[in-house]
Visitor: 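Take a look at the following structure, please.
Counting starts at 1 for both ligands and their atoms, in listed order.
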Amino acid sequence: MTRIGILLSGRGSNFVAIAEAIQRANNEADATSALRNARISIVISNRADAPGIAAARSRGLPSAVIEARGRTRAEHDAEILTCLQEHQVELICLAGYMRLLSPAFVRAYPQRILNIHPSLLPAFPGLDAQRQALNYGVAITGCTVHFVDEELDHGVIVLQRAVPVLENDEETSLSARILEQEHRAYPEALERVLSGRYEIAGRRYVLRNRDEASTPPELKKCNS
Ligand code: GAR
């Protein structure tokens, strides 16, 4: 069983997509799905009014609000780390968590923090990635699930999904179509990571055959 911690700041639709995928994997008796071995142990938000926290509560999942106000980034991150460790979290999913993590936080979970970003990285890192893509005039954008390292939107890419930009797209329409792909991409990436069927070679995430999987699947140790 891999214990997952979710960090979010807002709506939480990616968190819900992950929670539903885990539930589906368990209901469908799909013995091959690595998501069957995952459990969301804690959902943490830096904002008390985040709809994602209400969604966690309504699903009966443990949740915590840890606000940043009045604390340094290091203090805030240390408090979140303590909470994650209290819940024995092994893998963290950032799901619309709109704060930078301190280097100490990232080092506490090497290759154990995933993030989703609404662009095809390395294009358009940072805020308002969908607006950046529109303003730049690209024909194709999308979303990226990647491991988190100490640089912004920079770690090893696990999976990307492309989304065409349509002629009359506005930020809201483009964001909605990217979000649809995010909801597929995050569970799929999580499944890949939990399966253990991969290696990290430099910046490349390399999938291995099912036969080469470690049994039982376990999170790969950081080998970079
Ligand atoms: C998603 O579009 C996610 O990719 C983005 O915030 C949104 C959160 O939506 N994250 C970032 O921009 C991180 N740099 P959600 O709260 O409904 O999952």
Side-chain angles (χ1 to χ4, degrees), residues 4-23 38 40 42-59 61 63-68 73 76-77 80 91-102 105-106 109 113-136 138 140-165 169-190 193:
I4 294 175
I6 304 269
L7 263 56
L8 54 78
S9 301
R11 185 175 50 189
S13 71
N14 276 292
F15 145 61
V16 170
I18 291 169
E20 284 178 350
I22 291 174
Q23 208 167 8
I40 296 175
I42 181 77
V43 179
I44 302 174
S45 175
N46 60 317
R47 297 183 56 115
D49 60 355
I53 276 290
R57 288 195 191 115
S58 71
R59 292 182 160 266
L61 290 170
S63 63
V65 174
I66 303 178
E67 288 184 322
R73 183 178 307 282
H76 184 236
D77 278 5
I80 293 177
L91 180 70
I92 300 166
C93 293
L94 306 185
Y97 185 64
M98 303 312 263
R99 283 178 60 82
L100 277 178
L101 296 177
S102 57
F105 190 115
V106 175
Y109 280 90
I113 310 173
L114 287 169
N115 180 42
I116 188 152
H117 184 76
S119 75
L120 295 177
L121 290 171
F124 315 126
L127 293 175
D128 302 320
Q130 303 94 330
R131 192 186 315 157
Q132 290 186 57
L134 274 176
N135 290 347
Y136 199 91
V138 293
I140 295 172
T141 182
C143 61
T144 304
V145 181
H146 64 95
F147 285 110
V148 171
D149 66 10
E150 291 179 30
E151 290 176 53
L152 175 69
D153 297 329
H154 175 268
V156 168
I157 291 170
V158 178
L159 188 150
Q160 294 188 301
R161 275 179 170 262
V163 175
V165 179
D169 254 339
E170 291 172 0
E171 196 179 339
T172 44
S173 57
L174 179 60
S175 300
R177 287 204 320 289
I178 294 175
L179 193 65
E180 231 175 86
Q181 296 307 313
E182 292 185 42
H183 294 164
R184 295 175 180 199
Y186 218 157
E188 200 180 322
L190 193 54
V193 169

Visitor: Can you confirm whether V16 sits close enough to R59 that some side-chain heavy atom of one is under 4.5 Å from a side-chain heavy atom of the other?
Guide: yes

Visitor: I'd like to know if the side chain of D77 and the backbone of F105 have a donor-acceptor N/O pair within less than 3.5 Å.
Guide: no

Visitor: Name each N or O atom in ligand 1 that is under 3.5 Å from a protein N or O, and give the partner atom and the distance.
Guide:
residue	atom	partner	partner atom	Å
ligand 1	2 (O)	E182	OE1	3.2
ligand 1	2 (O)	E182	OE2	2.9
ligand 1	4 (O)	E182	OE1	2.7
ligand 1	4 (O)	E182	OE2	3.3
ligand 1	9 (O)	R11	NH2	3.1
ligand 1	14 (N)	H117	ND1	3.2
ligand 1	16 (O)	G12	N	2.7
ligand 1	17 (O)	R11	NE	2.6
ligand 1	17 (O)	R11	NH2	3.2
ligand 1	17 (O)	S13	N	2.8
ligand 1	17 (O)	S13	OG	2.5
ligand 1	18 (O)	S13	N	3.4
ligand 1	18 (O)	N14	N	2.9
ligand 1	18 (O)	N14	ND2	2.9

Visitor: Side chains of V148 and Y97, heavy atoms from C-beta outward: is any pair under 4.5 Å?
Guide: no

Visitor: Output a table of donor-acceptor pairs, distance under 3.5 Å, between side-chain atoms of residues 119-126 and any protein atom two or more places apart or on a different chain; print 'none' if there are none.
Guide:
residue	atom	partner	partner atom	Å
S119	OG	H117	NE2	3.4
S119	OG	A123	O	2.6
S119	OG	F124	O	3.3

Visitor: Going by side-chain contact (heavy atoms from CB on, under 4.5 Å), C143 matches just one of R184, Q130, Q181. Which one?
Guide: Q181

Visitor: Taking H76 for its side chain and I66 for its backbone only, find out whether a donor-acceptor pair lies under 3.5 Å.
Guide: yes

